[in-house]
Amino acid sequence: LAGVAVVWKGWMWVDPSLSMITAVLMVWSAWKLVQEAVQILMEGVPSHVDVGKIRQALLEVGGVSEVHDLHVWTLTSGFVAMSGHAVISDVSRSREILEGAKAALAEKFRIEHMTIQLEPPDFGKTEIPIKRFP
């Protein structure tokens, strides 16, 4: 169209003007893609995920008394992963608690890739001596 306007009317300004408009539209369109790529590369929490709500959903699973070291990130576009620690009082219910956590996260947040470390209440409370070498 710019070529027609230049040849037919002699409007030399149309070509650079349309080129600039096209460049702005390309940058505008690509901005969301660039943001998503940076989010994935930086392993940031996806914008649609509320970590506080995930923590609350895990606390609502029967047998979970505490949740800590919770991390949520995007592995690839549309594929969210989560890792965290859950304190449980009855270790014999580990399978039931893990199944409940998996169901809650898949249903409420569409998170299907998760690693949850189940811990008894006294786990990590004892200090482990660190051997130092000269």
Side-chain angles (χ1 to χ4, degrees):
L1 292 175
V4 171
V6 168
V7 170
W8 187 50
K9 290 286 193 176
W11 294 343
M12 300 301 281
W13 59 269
V14 173
D15 186 41
S17 299
L18 286 179
S19 296
M20 290 299 292
I21 290 170
T22 303
V24 168
L25 288 174
M26 289 172 61
V27 169
W28 182 267
S29 300
W31 182 245
K32 184 173 179 168
L33 180 63
V34 169
Q35 284 180 316
E36 185 178 346
V38 168
Q39 183 76 14
I40 291 169
L41 291 172
M42 298 301 293
E43 294 184 358
V45 177
S47 59
H48 69 281
V49 173
D50 184 344
V51 177
K53 288 182 180 180
I54 291 175
R55 175 176 274 114
Q56 187 59 40
L58 289 172
L59 287 170
E60 291 171 2
V61 172
V64 176
S65 61
E66 181 186 336
V67 174
H68 60 94
D69 293 333
L70 189 61
H71 305 281
V72 182
W73 68 98
T74 304
L75 289 174
T76 186
S77 183
F79 191 78
V80 178
M82 190 234 46
S83 69
H85 298 222
V87 177
I88 61 173
S89 56
D90 187 0
V91 179
S92 67
R93 294 183 53 215
S94 295
R95 182 178 184 93
E96 174 190 341
I97 291 168
L98 280 174
E99 287 174 352
K102 182 177 180 178
L105 294 177
E107 179 182 314
K108 294 178 183 177
F109 305 101
R110 294 183 12 225
I111 297 175
E112 297 189 19
H113 183 80
M114 65 197 79
T115 303
I116 301 174
Q117 178 174 315
L118 300 178
E119 304 172 347
D122 61 347
F123 185 78
K125 302 294 190 228
T126 58
E127 192 171 314
I128 300 171
I130 299 173
K131 185 174 182 179
R132 305 241 186 246
F133 295 99

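Worth knowing before you read on, the calculation uses all heavy atoms, side chains too, and leaves out hydrogens, waters and symmetry mates.
Closest approach of Ile116 to Ala86, counting heavy atoms only: CG2-CB, 4.0 Å. For the pair Val61 and Ala104, the tightest heavy-atom approach, listed with the atom from each and the gap, is CG2-CB, 4.5 Å. Listed here is the closest heavy atom pair of Trp11 and Val6: O-CG2, 3.2 Å.
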Using distance only, find each side-chain donor-acceptor pair of residues 22-34 under 3.5 Å and give its atom names and separation, not counting sequence neighbours.
unit_1	atom_1	unit_2	atom_2	d
Thr22	OG1	Leu18	O	2.8
Ser29	OG	Leu25	O	2.8

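Under the 4.5 Å side-chain criterion, counting only non-hydrogen atoms from C-beta, Leu58 is not in contact with Met114. Counting heavy atoms from C-beta outward, Val91 and Ser94 have side chains that approach closer than 4.5 Å. The shortest side-chain heavy-atom distance between Lys108 and Glu60 falls under the 4.5 Å cut-off.
Note that the CD atom of Glu99 and the CZ atom of Arg93 stand 11.5 Å from one another [nearest 0.5 Å]. Distance check: Glu112 CD to Glu107 CD gives 11.5 Å after rounding to the nearest 0.5 Å. Remark: Leu105 CG to Arg110 CZ distance equals 13.5 Å, nearest 0.5 Å.
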- Task: Assess whether side chain to side chain contact (heavy atoms under 4.5 Å, CB included) is satisfied between Val80 and Phe109, documenting all intermediate values.
- Result: CA-CA 9 Å; Val80 178; Phe109 305 101; over 6 Å; no
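Note: the hydrophobic cluster containing Trp73 does not contain Val45 (ILVMFWY, side chain heavy atoms under 4.5 Å, direct or indirect links).
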